Amino acid sequence: MSPQDGPRQVVVGLGAGASGFSADGRGYERGGGGPGSDLATTDMVLNVGPQHPATHGVLRLRMTLDGERIVHCEPVVGYMHRGVEKLFEVRDYRQIIVLANRHDWLSAFSSELGVVLAVERMLGMQVPERATWTRMLLAELNRVLNHLMFLGSYPLEVGAITPIFYAFRERETIQEVMEEVSGGRMHYMFNRVGGLKEDVPAGWTGRVCDAVAAVRRRLPQIEDLIFGNEIFQARTRGVGVLPVDVAHAFGVSGPIARASGVDLDLRRDEPYLAYEELLADGVLQVVTRTEGDCYARFACLLAQVKVSLDLADACLERLTEMAQGPINVRLPKIVKAPEGSTYAWTENPLGINGYWLVSRGEKTPWRLKLRSASFNNIAALPHVLEGCVVADMVAILGSMFFVVGDIDK
Amino acid sequence: MAERPIGSENQPARYGAGLLKGLAVTWRNLTRRSVTAQYPDVRPELPPRSRGVIALQEENCTVCMLCARECPAWCIYIDSHKETTPATTEGGRDRSHNVLDAFDIDFSLCMYCSICIEVCPFDALHWTPEFEYAEFDIRDLTHDKDRLREWMWTVPPPPALDHHAEAAKELEVTRRAVQDDT
């Protein structure tokens with residue numbers, strides 16, 4: 001059977017609505033007026049969400065289908081909108097930290113960090129060295145926690161149940177030390193303007209060292225389990241390619257953009273905290289891929305975990321040889337940012353997270369604009385999904401690594 | 001975007017090698033002890049800083065309302081009245097002081113941010129790692145001062161700080177006072 005006469009031959013056997021095989025004759029796609037078919041078909045609108053279990057949280061997708069092909073996709077966001085920017089305006093800077101770590105619940109520490117960096121810059125405040133390095137350590141541990149979540153949940157979405165148990169075992173190892181230092185498992189609330197809430201408990205750095213070593217030792221298990229798996233590769237290789245120009249056009253950032261070859265990492269390109277020193281030491285590596293498909297995005301995440309573990313080790317080393325010193329600046333009862341504005345952005349686990357802080361000299365900000373990573377990343381989703389088949393939809397959606405709270409804010 | 005023909009991925013050289021590798025991981029873990037925590041039978045060991053629930057040392061509270069005002073979720077409800085103690089000596093003044101009538105925290109609103117504990121100037125509020133206070137009705141999550149006082153018995157002592165940490169303010173003051181004496 002030659003590929004050209006494929007469609008007309010099989011349409012009978014597959015029942016109503018099926019126009020036949022795909023153009024090259026190797027697939028088994030049903031329906032649609034795509035190439036190789038001369039059937040006129042009606043488009044169907046498929047609604048996914050807002051409570052669909054295949055999506056994270058309450059994202060809704062309105063998709064127009066031509067047979068099994070997605071011809072149009074419209075993400076409908078805002079079901080979880082909490083008006084966080086407006087809430088920021090009626091809270092003082094300490095209360096803002098509570099809210100700032102909630103929009104992206106998987107990168108709470110990094111999101112807190114942006115707020116305090118903005119306020120500290122406005123105040124012209126010098127943060128103690130111990131605070132800087134501890135913040136960096138915790139931010140990297142937070143990145144590992146975030147990435148492990150997706151390293152576990154993404155295989156789950158494409159049908160592999162096992163990796164999430166391994167990912168969560170590693171998460172638990174790190175979460176234990178995070179809980180010991182901050183008291184929280186998700187919403188750490190450990191940053192304060194001028195440093196951290198309190199110093200680390202005795203022996204904590206040693207336990208972090210052990211946790212990092214344990215995760216590094218067991219990380220190859222996740223890699224062996226899923227990364228080389230043929231079924232996983234068949235589901236993700238060449239699927240959902242995000243072209244580099246689309247990534248640029250939509251302001252896509254983070255591991256997703258780097259998987260498409262956008263070589264941007266704020267830790268290197270606009271260093272905050274003390275990342276500059278780690279970059280000079282060569283510990284900070286920026287992971288990039290060029291393929292831009294689901295597999296590359298997953299690979300980026302996996303490689304970033306390794307880099308983050310190295311960074312955590314470097315921070316620990318510095319902390320242990322550092323002289324005795326304070327971890328925060330004693331603040332007055334009321335902290336007022338002077339009149340003016342600043343934009344502080346950080347490389348959050350999911351991408352660039354920015355705060356534009358405008359102050360009129362009050363104890364609350366006049367405006368605090370939040371630029372969250374997932375919102376921009378998900379904006380590119382229609383471009384990736386259009387032309388794909390429905391069966392790949394969840395594989396692509398899962399590989400865009402987003403948190404709905406971060407989209408809806 | 002170009003349409004991707006289905007089933008046209010470049011296949012790996014040795015098909016099934018990756019699958020076997022994954023199975024080897026599973027097998028190795030099968031021979032090890034599981035990491036599952038047997039929660040209701042074995043209680044978790046939580047670090048002293050764990051933010052489980054807020055306990056109230058009622059005796060320390062002076063009804064200054066700082067916690068209720070600073071709370072970003074406004075979930076602390078305080079009620080009090082003034083009492084006057086008559087002067088004990090001839091020609092002395094009557095003393096008035098606040099008496100706490102009600103101190104409720106609505107844990108369905110609480111964001112566990114620990115701002116109230118930080119701002120309390122008399123150390124009346126403390127975190128405790130206690131976490132088993134789930135209720136069937138959301139209204140039952142508002143706990144009164146007696147319940148909060150009971151939790152006070154479960155408050156752990158704070159952990160010792162890292163030796164790189166700055167010494168506590170009190171220690172520094174004492175050290176300087178001793179130095180001045182000698």
Side-chain angles (χ1 to χ4, degrees), chain A residues 22-24 26-29 34-35 69 91 94-95 97-99 102 130 162 166 169 172 179-184 187 189 197-205 221 224-234 237-239 241 243 319-320 322-327 383-384 386-389, chain B residues 1-12 14-26 28-29 34-37 44-52 66 70-73 110-115 117-119 121 127-129 158-169:
Chain A
S22 63
D24 58 3
R26 279 189 291 176
Y28 32 80
E29 182 184 357
R69 292 274 169 197
R91 274 159 177 81
R94 179 165 51 185
Q95 293 175 334
I97 301 170
V98 193
L99 291 177
R102 275 167 166 79
R130 250 182 93 67
T162 319
Y166 290 76
R169 181 185 61 192
E172 191 54 43
E179 189 181 8
E180 193 191 341
V181 72
S182 71
H187 304 301
M189 188 59 193
K197 184 186 169 211
E198 51 197 335
D199 214 303
V200 302
W204 180 76
T205 41
Q221 291 190 3
D224 287 347
L225 205 55
I226 194 72
F227 197 59
N229 187 302
E230 284 82 1
I231 302 167
F232 180 73
Q233 291 191 13
R237 273 231 163 116
V239 176
V241 177
L319 279 172
T320 44
M322 205 170 278
Q324 198 176 25
I327 202 149
H383 281 255
V384 182
E386 276 160 26
C388 293
V389 287
Chain B
M1 219 197 85
E3 293 198 9
R4 187 181 69 94
I6 303 161
S8 66
E9 299 82 13
N10 38 348
Q11 301 293 353
R14 271 176 33 255
Y15 201 83
L19 277 169
L20 290 174
K21 222 170 164 185
L23 279 173
V25 173
T26 313
R28 271 204 306 278
N29 277 280
S34 92
V35 292
T36 315
E45 268 184 51
L46 294 171
R49 280 185 188 176
S50 271
R51 302 202 296 263
L66 270 178
E70 289 282 326
C71 175
C110 177
M111 302 211 287
Y112 297 82
C113 66
S114 75
I115 286 178
I117 289 154
E118 263 175 70
V119 295
W127 278 119
T128 146
L161 293 186
D162 195 87
H163 62 278
H164 291 288
E166 196 184 32
K169 202 167 64 181

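Bear in mind that the values here come from a model prediction, so they are computed numbers and not experimental data. Protein chains get the first letters and strands the later ones, always in sequence-line order, with residue 1 at the start of each.
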Is it the side chain or the backbone of [X] that comes within 4.5 Å of chain A heavy atoms, both, or neither?
X: Thr26(B); answer: both
X: Glu70(B); answer: both
X: Pro159(B); answer: side chain
X: Leu46(B); answer: side chain

When heavy-atom pairs shorter than 4.5 Å are enumerated against chain B, which of [options] gives the highest number?
options: Ile327(A), Asp224(A), Leu225(A), Val181(A); value: Asp224(A)
options: Ser182(A), Gly184(A), Pro201(A); value: Pro201(A)
options: Arg169(A), Glu198(A), His187(A), Met322(A); value: Glu198(A)

Report yes if some heavy atom in the side chain of [X] is under 4.5 Å from a heavy atom in the side chain of [Y]; otherwise report no.
X: Ile115(B); Y: Arg94(A); answer: yes
X: Tyr112(B); Y: Val98(A); answer: no
X: Leu161(B); Y: Val200(A); answer: no
X: Asn229(A); Y: Lys21(B); answer: no

Whether His164(B) side chain and Gly325(A) backbone form a donor-acceptor pair below 3.5 Å: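 Looks like no, no N/O pair under 3.5 Å.
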Under 3.5 Å donor-acceptor, Glu230(A) side chain and Gly18(B) backbone: yes
Nearest 0.5 Å, please: how far is [atom2] in [Y] from [atom1] in [X]?
X: Gln324(A); Y: Glu166(B); atom1: CD; atom2: CD; result: 8.0 Å
X: Glu118(B); Y: Lys197(A); atom1: CD; atom2: NZ; result: 5.5 Å
X: Gln95(A); Y: Met111(B); atom1: CD; atom2: CE; result: 8.0 Å

Contact class of Tyr166(A) relative to chain B, heavy atoms under 4.5 angstrom: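 When you check distances to chain B, only side chain atoms of Tyr166(A) fall under 4.5 Å.
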Which atoms of Leu319(A) approach chain B - backbone, side chain, both or neither, heavy atom under 4.5 Å: backbone
Option in Ala24(B), Ala73(B), Ser50(B) with maximal non-hydrogen atom pairs under 4.5 Å from chain A: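 Counting heavy-atom pairs under 4.5 Å, the top option is Ser50(B).
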Glu172(A): side-chain contact (heavy atoms from CB on, under 4.5 Å) partners, not counting sequence neighbours: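 If we apply the side-chain contact (heavy atoms from CB on, under 4.5 Å) test to Glu172(A), skipping adjacent residues, the hits are Gln175(A), Glu176(A), Arg185(A).
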Closest non-hydrogen atom pair, Arg49(B) against Asp199(A): NH2-O, 2.6 Å
Side chain to side chain contact (heavy atoms under 4.5 Å, CB included) between Arg130(A) and Asp162(B), intermediate numbers included: CA-CA 12 Å; Arg130(A) 250 182 93 67; Asp162(B) 195 87; 4.1 Å; yes
Ile231(A), CD1: over 12 other non-hydrogen atoms inside 6.0 angstrom: no
